[in-house]
Amino acid sequence: MSITVAKTAGFCFGVRRAVELAEEQAEKTGVLYAYGEIIHNMHEIARLEKCGVRTAQTLDEIPDGAGVLIRAHGVPRAVYRTLEDKHCTVFDATCPFVHKIHRIVDEESRAGRLVVILGSVGHPEVVGIQGWCGASIVLEDEKQAEAFAAQPEMRDRPVSLVAQTTVNRAIWNISVALIKKRCTNLKIFDTICKATDERQSEARLLAGASDQMIVIGDKKSSNTKRLYEISRSLCDDVLYIEDATELDTQKLCSRGRIGITAGASTPAWIIKEVSNMMSEETKIENGEDFAAMLEESFKTLNTGEKVTGIVVAVSTTDVQVDLGVKHTAYIPLNELSDDPSFDVSANVHPGDEIEAVVVRVNDGEGTVTLSKKRVDQLKGWESIEKAYEEHTAVEGTIVEENRGGIVATAFGVRVFIPASQTGVPKDQPMTPLVKTKQTFYITEINRQRKRVVGSIRQIQQEARKAAAEKIWSTIEVGNEYEGTVKSLTSYGAFVDIGGVDGMVHISELSWGRIKHPSEVVSVGDAVKVFVIGLDKENKKISLGYKREEDNPWNVFKSQYDIGSVAEVKILKFMPFGAFAEIVPGVDGLIHISQIADHRIAKPEDVLEVGQMVDAKIIDINDEKKKVSLSIRALLMDDEYDD
């Protein structure tokens, strides 16, 4: 006969945390009230009763001001309010995975969605979940899931699906598939506890390879019942017992393989009693006895060891992690991430699985200090090296500027980017890059010296090259682009139209006469331009900036005609007359004979530069873009009117 004990047998971390918290607080206060049974195991509840933990089935049974333990199953939101009104001190042992479900259904319900829970109607955990949302429906199996999805009104209704943490994985998968077929507005949240998944998966493998299975746990425990159901489906001989007194050694398989598993509410001392009743000489397949296997849960941690745990709580100073050992583990907030902008509340929640490295073990205080960022750095180096070897881009956050360049963090590793590789021109500051996310290549690695060098400029060059190729493949005369003014010369402006530079000649910048492009545009300006000439062989592009609709002659023609009267501004004098501005960019000539109603020697005898006068348009030459004006004609009109 050989015996194999499931590694996951016994308390899960949520139950163990609740029991330990109950023991600790009962010892301090003498009496602690548990609202509902802490766990589904009457033997353990009886043991805790002796320690001072009293079970209250209703809130009325709890005296005002008493210490109250919220069990791992969780409770409705209203319970917290009632306990607050009773001035009770609450010790919340709700499983972090259950807390996570409460948060999900609360948010989904507030968004106006129907919450559907796959679980057991009336189970304390399910009741608690329903107490954190509005409209909700509980489905117990795949048949109910199919019937629910078949309802016509559910086709387009917003539905959010969650699971009781101990739901059978097979039932969940089938139910999800059935609901997905019918409900078109469905959101799925897989909230089955990972420990439940592992426990059920191991039971499945163990039952399939055993001649006899022993399942230990309370008959009211949902997760133990599911272990029994799984075992029965794969093994013909299954014993379901609550404690050692129910074990009939006569029924034990004398030859062959025996598998043992236990529910998450089954304490280690009950499992030990069962094992002691079985042959003390029997060894489990890995060569260790059952008691030795149980002691693994109290193993000593070593500095530098990589561990995986579950986030239990998040405070303003640290994150508490359950490692499945006696020690209480903490990650100080400054050991969570190298990213200065890392938002703890947004990224770390109770129930999350987290990897860390043991930094310090204090056996005297029973605490362990962990570091997540060191794990990130270890993984980060692998990611950085892979990116370097495969020449793939990485994204990082710029954390500081120094004399030689800037420093970024990527995958928890510091990367130095020289000033010449930042993509910032020499005459411009690098400070605006700090606290921004940037993409860059890794150009140099020296792991021994912990030196990594990167380049943003290479990314920009490749992007510019790709953009240029795209533009040259599609560019045609008349195409319009939004570009950026890159530089100015005395003869025009160079504009980047997305990877390619084109030139706007000074004559194409303005309809009026300008002496320098800076009178119209500045470096860095965003401008709209269009292609007026192409030389693909020599990669030259001529761009236009001034537009026909802004042509002063067109503006003039839209406002005036022959016979119109305009208020004009005297610009300059000539021996034969005076030039006056009609609209910006269009001048007209007032011939000396048209300035007054009498003969004058020169224009300045009557007019002054800058003077505003009314003049009549007496001729327009569209071909030569010339306008003739007359003040005399207006004077004659006035005389005739008189």
Side-chain angles (χ1 to χ4, degrees), residues 477-480 488-493 495 502-521 525 527-533 542-642:
V477 172
N479 283 7
E480 294 191 2
L488 302 177
T489 66
S490 60
Y491 51 84
V495 177
M503 193 194 78
V504 184
H505 192 269
I506 191 171
S507 62
E508 292 295 330
L509 282 170
S510 173
W511 288 103
R513 292 188 180 91
I514 57 173
K515 293 181 179 180
H516 193 272
S518 59
E519 296 178 39
V520 180
V521 294
D525 283 356
V527 294
K528 289 185 178 181
V529 293
F530 54 94
V531 180
I532 59 175
S542 296
L543 301 172
Y545 176 72
K546 63 182 185 182
R547 298 185 178 270
E548 194 60 34
E549 57 266 30
D550 299 325
N551 187 335
W553 185 259
N554 293 337
V555 174
F556 162 71
K557 288 296 296 293
S558 68
Q559 298 179 19
Y560 301 102
D561 204 347
I562 294 175
S564 299
V565 176
E567 185 180 37
V568 299
K569 180 181 180 180
I570 305 302
L571 298 177
K572 63 178 179 179
F573 299 124
M574 302 294 288
F576 51 82
F579 284 98
E581 180 185 71
I582 306 170
V583 297
V586 176
D587 301 342
L589 172 65
I590 310 174
H591 192 270
I592 192 170
S593 64
Q594 298 298 319
I595 291 177
D597 57 359
H598 58 277
R599 185 182 294 274
I600 59 174
K602 50 186 184 298
E604 50 265 47
D605 288 344
V606 178
L607 302 172
E608 295 179 0
V609 172
Q611 182 181 355
M612 301 297 296
V613 297
D614 289 338
K616 189 174 186 178
I617 298 172
I618 57 175
D619 187 46
I620 298 175
N621 188 324
D622 277 312
E623 185 179 347
K624 295 182 178 180
K625 303 288 191 294
K626 290 185 177 181
V627 182
S628 296
L629 301 171
S630 174
I631 299 174
R632 181 170 174 265
L634 289 180
L635 296 173
M636 297 291 289
D637 289 343
D638 290 342
E639 183 179 335
Y640 178 78
D641 291 339
D642 292 341

Residues 565-572 side chain polar contacts: donor-acceptor under 3.5 Å, at least two apart:
none

Mind checking side chain to side chain contact (heavy atoms under 4.5 Å, CB included) for Ser518 and listing every partner two or more places apart, or none if nothing turns up? Leu488, His516
Using only atom types and a distance under 3.5 Å, with no angle test, would you say the side chain of Glu608 pairs donor to acceptor with the backbone of Glu604? no
Output side-chain donor-acceptor pairs under 3.5 Å for residues 578-595, partner residues at least two apart or in another chain, one line each.
{"residue": "His591", "atom": "ND1", "partner": "Ser593", "partner atom": "N", "Å": "3.1"}
{"residue": "His591", "atom": "ND1", "partner": "Ser593", "partner atom": "OG", "Å": "2.9"}
{"residue": "Gln594", "atom": "OE1", "partner": "Ser630", "partner atom": "OG", "Å": "2.5"}

Could you report the tightest heavy-atom contact between [X] and [Y], atom names first, then the distance?
| X | Y | answer |
| --- | --- | --- |
| Pro517 | Ser490 | CD-O, 4.0 Å |
| Val555 | Ser558 | O-OG, 2.6 Å |
| Ser510 | Val520 | CB-CG2, 4.1 Å |
| Ile620 | Ile617 | CG1-CG2, 3.8 Å |

Taking only residues two or more places apart in sequence, or in another chain, which ones meet Asn551 in a side chain to side chain donor-acceptor pair (under 3.5 Å)? Glu548
Not counting sequence neighbours, which residues clear side chain to side chain donor-acceptor pair (under 3.5 Å) with Asp605? List them please. Lys602
Answer yes or no: is there a side-chain heavy-atom contact under 4.5 Å between [X] and [Y]?
| X | Y | result |
| --- | --- | --- |
| Asp619 | Val627 | no |
| Ile618 | Leu629 | no |
| Val495 | Tyr545 | no |

Going by ring pair (Phe, Tyr, Trp, His ring centres under 6.0 Å), name the pairs with one or both residues in residues 554-577, residues two or more places apart or in two chains. Trp553-Phe556, Phe556-Tyr560
Apply salt bridge (charged side-chain N to carboxylate O under 4.0 Å, His left out) to Lys557 and list each qualifying residue two or more places apart in sequence or on a separate chain. Asp622
Glu480: salt bridge (charged side-chain N to carboxylate O under 4.0 Å, His left out) partners, not counting sequence neighbours: Arg547
Which atom pairs, donor and acceptor, lie under 3.5 Å between side-chain atoms of residues 502-509 and protein residues at least two apart or in another chain?
{"residue": "His505", "atom": "ND1", "partner": "Ser507", "partner atom": "N", "Å": "3.1"}
{"residue": "His505", "atom": "ND1", "partner": "Ser507", "partner atom": "OG", "Å": "2.9"}

